[in-house]
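Worksheet: the structure to be examined is printed underneath.
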Amino acid sequence: MIGKLNHVAIAVPDLAAATAMYRGTLGAKVSEPKDEPDHGVTVVFVELENTKIEFLHPLGENSPIQAFLDKNPAGGMHHVCYEVEDIIVARDKLKAEGARILGNGEPKIGAHGKPVLFLHPKEFLGTLTELEQA
Ligand code: CO
(Lines give C-alpha, C1' and ligand atoms only; values in the text may rest on other atoms or scores of the structure.)
Protein backbone atom coordinates (compact mmCIF):
# COMPACT_ATOMS: atom_id res chain seq x y z
CA MET A 1 0.00 0.00 0.00
CA ILE A 2 2.66 2.57 0.93
CA GLY A 3 4.84 3.87 -1.86
CA LYS A 4 7.79 6.23 -1.73
CA LEU A 5 9.24 7.78 1.39
CA ASN A 6 8.07 11.37 0.96
CA HIS A 7 10.00 12.90 3.86
CA VAL A 8 11.43 12.47 7.32
CA ALA A 9 10.63 15.33 9.68
CA ILE A 10 13.05 16.45 12.39
CA ALA A 11 11.98 18.84 15.15
CA VAL A 12 14.69 21.43 15.71
CA PRO A 13 15.11 23.95 18.54
CA ASP A 14 17.17 26.34 16.37
CA LEU A 15 16.32 26.58 12.67
CA ALA A 16 19.29 28.74 11.76
CA ALA A 17 21.72 26.33 13.42
CA ALA A 18 20.04 23.32 11.79
CA THR A 19 20.16 25.02 8.38
CA ALA A 20 23.81 25.97 8.79
CA MET A 21 24.72 22.42 9.81
CA TYR A 22 22.97 20.72 6.88
CA ARG A 23 24.03 23.35 4.34
CA GLY A 24 27.58 23.74 5.60
CA THR A 25 28.74 20.58 7.34
CA LEU A 26 26.65 18.11 5.31
CA GLY A 27 26.67 20.10 2.07
CA ALA A 28 22.95 19.69 1.40
CA LYS A 29 20.55 21.87 -0.59
CA VAL A 30 18.43 23.65 2.04
CA SER A 31 15.42 25.95 1.44
CA GLU A 32 14.57 29.22 3.14
CA PRO A 33 12.20 28.92 6.15
CA LYS A 34 8.47 28.93 5.40
CA ASP A 35 5.81 29.70 8.01
CA GLU A 36 2.80 27.37 8.08
CA PRO A 37 0.47 29.13 10.55
CA ASP A 38 -2.32 26.56 10.01
CA HIS A 39 0.02 23.84 11.28
CA GLY A 40 1.81 25.89 13.95
CA VAL A 41 5.22 25.31 12.41
CA THR A 42 7.98 26.96 10.45
CA VAL A 43 9.38 24.48 7.94
CA VAL A 44 12.73 24.21 6.17
CA PHE A 45 13.15 21.66 3.41
CA VAL A 46 16.36 19.76 2.78
CA GLU A 47 16.25 18.39 -0.74
CA LEU A 48 18.01 15.09 -1.25
CA GLU A 49 18.20 13.15 -4.47
CA ASN A 50 15.67 10.52 -3.41
CA THR A 51 13.63 12.24 -0.68
CA LYS A 52 13.34 15.27 1.60
CA ILE A 53 14.15 16.05 5.18
CA GLU A 54 11.93 18.66 6.82
CA PHE A 55 12.96 20.69 9.81
CA LEU A 56 9.99 21.64 12.00
CA HIS A 57 10.19 24.54 14.41
CA PRO A 58 7.34 25.79 16.63
CA LEU A 59 5.35 28.78 15.34
CA GLY A 60 2.94 30.65 17.60
CA GLU A 61 1.11 29.47 20.70
CA ASN A 62 0.13 25.79 21.11
CA SER A 63 2.43 24.52 18.38
CA PRO A 64 2.30 20.71 18.21
CA ILE A 65 6.10 20.77 18.01
CA GLN A 66 6.63 22.57 21.32
CA ALA A 67 5.71 19.61 23.56
CA PHE A 68 8.02 17.38 21.53
CA LEU A 69 10.91 19.82 21.97
CA ASP A 70 10.15 20.14 25.69
CA LYS A 71 10.74 16.37 25.91
CA ASN A 72 13.62 16.39 23.41
CA PRO A 73 15.44 19.69 23.90
CA ALA A 74 18.17 18.86 21.39
CA GLY A 75 15.53 18.06 18.74
CA GLY A 76 14.84 14.67 17.24
CA MET A 77 13.07 12.68 14.59
CA HIS A 78 9.39 13.67 14.70
CA HIS A 79 7.71 11.60 11.96
CA VAL A 80 8.13 9.74 8.71
CA CYS A 81 5.83 10.30 5.72
CA TYR A 82 4.95 7.69 3.12
CA GLU A 83 3.07 8.29 -0.10
CA VAL A 84 -0.17 6.48 -0.85
CA GLU A 85 -2.18 6.52 -4.06
CA ASP A 86 -5.58 7.11 -2.45
CA ILE A 87 -5.70 8.40 1.11
CA ILE A 88 -9.35 7.44 1.69
CA VAL A 89 -8.73 3.85 0.59
CA ALA A 90 -5.62 3.75 2.82
CA ARG A 91 -7.50 5.21 5.80
CA ASP A 92 -10.40 2.79 5.50
CA LYS A 93 -8.07 -0.20 5.27
CA LEU A 94 -6.09 0.94 8.33
CA LYS A 95 -9.24 1.68 10.34
CA ALA A 96 -10.62 -1.76 9.48
CA GLU A 97 -7.40 -3.21 10.91
CA GLY A 98 -7.79 -1.26 14.13
CA ALA A 99 -5.23 1.49 13.57
CA ARG A 100 -5.98 4.84 15.15
CA ILE A 101 -6.02 7.90 12.94
CA LEU A 102 -5.15 11.14 14.75
CA GLY A 103 -7.63 14.03 14.83
CA ASN A 104 -11.12 13.50 13.45
CA GLY A 105 -10.03 10.86 10.98
CA GLU A 106 -10.52 13.10 7.97
CA PRO A 107 -7.52 13.98 5.79
CA LYS A 108 -6.17 17.52 6.15
CA ILE A 109 -4.26 19.52 3.61
CA GLY A 110 -0.61 19.18 4.61
CA ALA A 111 2.46 21.35 4.15
CA HIS A 112 2.72 20.38 0.46
CA GLY A 113 -0.92 21.20 -0.42
CA LYS A 114 -1.89 17.52 -0.54
CA PRO A 115 -4.20 15.49 1.72
CA VAL A 116 -2.46 13.89 4.72
CA LEU A 117 -3.30 11.75 7.74
CA PHE A 118 -1.31 10.88 10.84
CA LEU A 119 -1.32 7.41 12.43
CA HIS A 120 -0.92 6.95 16.15
CA PRO A 121 2.72 6.14 17.02
CA LYS A 122 1.78 3.42 19.52
CA GLU A 123 0.68 1.10 16.72
CA PHE A 124 3.51 1.97 14.37
CA LEU A 125 6.70 1.07 16.21
CA GLY A 126 6.66 4.16 18.38
CA THR A 127 6.95 6.37 15.30
CA LEU A 128 4.46 9.03 14.31
CA THR A 129 3.58 8.08 10.74
CA GLU A 130 2.14 10.41 8.13
CA LEU A 131 0.46 9.30 4.92
CA GLU A 132 0.31 11.71 2.00
CA GLN A 133 -1.71 11.22 -1.14
CA ALA A 134 0.87 11.44 -3.92
CO1 CO B 1 5.24 15.71 7.40
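Because the structure is a prediction, the values reported are computed rather than measured. Numbering of ligands and ligand atoms starts at 1, following listing order.
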I'd like to know if Glu130 and Lys114 make a salt bridge, using a cut-off of under 4.0 Å between side-chain N and carboxylate O. no

Is the Co ion (ligand 1) less than 2.8 Å from an N/O/S atom of Glu54, whether that atom is in the backbone or a side chain? no

Do Lys29 and Glu47 meet the salt-bridge criterion of a basic N to acidic O distance under 4.0 Å? yes

Measure up the His112 and Phe45 rings against each other and bin them: parallel (under 30°), tilted (30 to 60°), perpendicular (over 60°). tilted

Side-chain ion pair, Lys95 and Glu97, N-O less than 4.0 Å: no

N/O/S atom of Cys81 inside 2.8 Å of the Co ion (ligand 1), strictly under: no

If I take every N, O or S atom of His79, is at least one of them less than 2.8 Å from the Co ion (ligand 1)? yes

Between His7 atom NE2 and Glu130 atom OE1, the angle centred on the Co ion (ligand 1) rounds (to 10°) to 90°

